[in-house]
Amino acid sequence: MNLLGFVFSLFIIGVSSKCQRCFGEDFMWGAATSAHQIEGAWNTSGKGENVWDWFTHNYPEKVRNGSNADIATDSYNKYQEDVDLLGNLGANFYRFSLSWSRILPNGTTNNINQEGVDYYLNVLKALQEKNITPIVTLYHWDLPISLHEMGGWNNPLVADYFNDYATLCYSLFGDYVKYWLTLNEPISQCYYGYGSGGHAPGYTESGTMTYMCAYTQLLAHAKAYRSYNETFRAKQNGKVGIVLVTLWYEPATESDADKQAAEWAIQWALGLFGHPIFIGNWPQMVIDRIGNLSVAQGFNTSRLPAFTETEIELIKGTYDYLGLNYYTTLLASPLLDFTDYENVTVGYGYDRNVLSSYDPSWTQSPVSWVTLFDVPAGFRAMLNWVANNFGNPPVIITENGWSTYIDLLNDTDRIQYIKGHLCSIYKAKYVDKVNLFGYAHWSLMDNFEWSSGYSEGFGLVSVDFTSPNRTRTPKASYYYYQKIIKSNCLEHCSLNN
Ligand code: PNW
């Protein structure tokens, strides 16, 4: 090489290393799934029925093509393949969930299904062999049917059954598991399951049941957190958190009303659960708004269940870290005038008072059940909101992903989504100093996508649902993500926007 060539290559190295944004060595990379969406084996090996089994079998019209998760990706039998895929990916951790009714067929601890326990021990051992850290969600929407029959999350006593179940799981699996997550996205379960009715159990009382469910889930989380503290922490030395989500909202215009609408949208999702845990009690504007509307609507008391002082203290501070899910952003304006209390329909949407719209320049997923736009900036904004409002707790991204047709292997739009979103969290972590320690992509593989069935997939790996083998084939995005994990760096991530 002549001198000019040498100088030139130094220049190239200089330029390209400048464009590389590297994460610290301790940053954790992973992928996520949930039990009901992947396991199958719905009524074998001692598993009890859960509310999604019941929902899909009794109301097939509520799920695209009448699909169910009886077999799903068959991970009950094929977990070793899943673990191998994670290993090849280079994942540091795997976020998956336990099926409550596989461990406790009736939901209660008087009947423990040893086969179910063994299954999870096998998964944990397989992960350990590959040095993959398990991050275990105790509950990802699959309530045992017997507890649904007691009123499900409308019944505050279900919080105690959850605590029993959580306590059992700590004792059974705590030697392997150092990161626990109590509940996945309570707002989604309480809204889609008890408010809009699109998810199991299909109730449509968003003005009342959504809040009852929120109340019970917060108690359930807090009790399970306290049990870990009291009985397991000293010996097992793990961490317990919860998974929260919000659609991120930007004001549709710079008007004060639109700014308030955007703030309220976030408070009615992240605030509803985060405020009781990180600050104490429901957010004040939520208490005031639902209280005022309830009176105007002829209720004797607020539709939002009030916490007692004891309950406020019980829930406050119940976190070691926070799991955050981010998918997309919308634009907010008020639905009605904020001071309008007359003739307001009873419902979560009217309480929250947000009219959603979107920016036509945003790329939209062609298939997703939620209006899913590729807006990386919202990710950084959400992380900053959490840091600013909840005292900058340790955060791990437990889900973030993009939906495509399931047989699309050359998923360039998912790669585009990942590229933008990782750049966005890089900036949140290293420019804004958000206390972020890891990222899980949703999902490891295409799976039972709730009311969409198998008509869309969030996976890095495609699954052939027409084959009894449920053959797994990595998509282009799997290899793209593998490269990022290996280098621990991003290319082409500009800090300027
Ligand atoms: C999550 N949103 O739900 C769930 O935790 C997963 O089980 C699910 O498969 C995944 O997202 C993909 O749909 C979401 O409002 C709930 O943007 C709400 C939203 C996104 C995802």
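Keep in mind that what you see is a predicted model, and the values were worked out from it rather than measured. Every number for a ligand or one of its atoms is a count from 1 in the order of the listing.
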Of all protein heavy atoms, the one nearest atom 4 (C) of ligand 1 is E399 OE1, 3.4 Å
Checking a contact table here: which protein heavy atom is nearest atom 18 (C) of ligand 1, and how many Å away?
S188 OG, 3.8 Å
Tell me if the centroids of the rings in H441 and W402 come within less than 6.0 Å of each other.
no
Quick one: look up the protein heavy atom nearest atom 19 (C) of ligand 1 and list residue, atom name and how far away it is.
V370 CG1, 4.0 Å
Determine, using heavy atoms of L247 and all atoms of ligand 1, whether some pair is separated by less than 4.0 Å.
yes
For atom 20 (C) of ligand 1, find the nearest protein heavy atom and state the residue, atom name and distance (0.1 Å precision).
Y327 CD1, 3.4 Å
What atoms in ligand 1 come closer than 4.0 Å to a heavy atom of E449?
8 (C), 9 (O), 12 (C), 13 (O)
If you take the centroid of each ring, where Trp contributes its six-membered ring, are Y79 and Y119 closer together than 6.0 Å?
yes
Applying a heavy-atom cut-off of 4.0 Å, say which part of L372 lies close to ligand 1: side chain, backbone, both or neither.
neither
Please determine if Q37 has a nitrogen or oxygen closer than 3.5 Å to a nitrogen or oxygen of ligand 1.
yes
Can you check whether E185 has an N/O within less than 3.5 Å of an N/O in ligand 1?
yes
For S101, enumerate each residue passing the side-chain hydrogen bond (donor to acceptor under 3.5 Å, both in side chains) test, keeping only those at least two apart in sequence or located in another chain.
none
Under 3.5 Å: N/O of W141 near N/O of ligand 1
no
Pairwise salt bridge (Lys or Arg N to Asp or Glu O under 4.0 Å) hits with a residue in residues 87-107, at least two apart
E39-R102, R95-E399
Any N/O pair S34/ligand 1 closer than 3.5 Å:
no
Sole residue of Y358, Y417, F379 in ring-ring contact (aromatic ring centres under 6.0 Å, His included) with F373:
Y358
What atoms of ligand 1 come closer than 4.0 angstrom to any heavy atom of W450?
6 (C), 7 (O), 8 (C), 9 (O)
Do side-chain atoms of D411 reach the backbone of S477 as a donor and acceptor pair under 3.5 angstrom?
yes
Are any of the side-chain nitrogens in D432 or R380 under 4.0 Å away from the carboxylate oxygens of its partner?
yes
Counting the benzene-type ring for Trp, do H148 and W54 have ring centres under 6.0 Å apart?
yes
Numbered in order shown, the ligand 1 atoms found under 4.0 Å of a heavy atom of N184 are 5 (O)
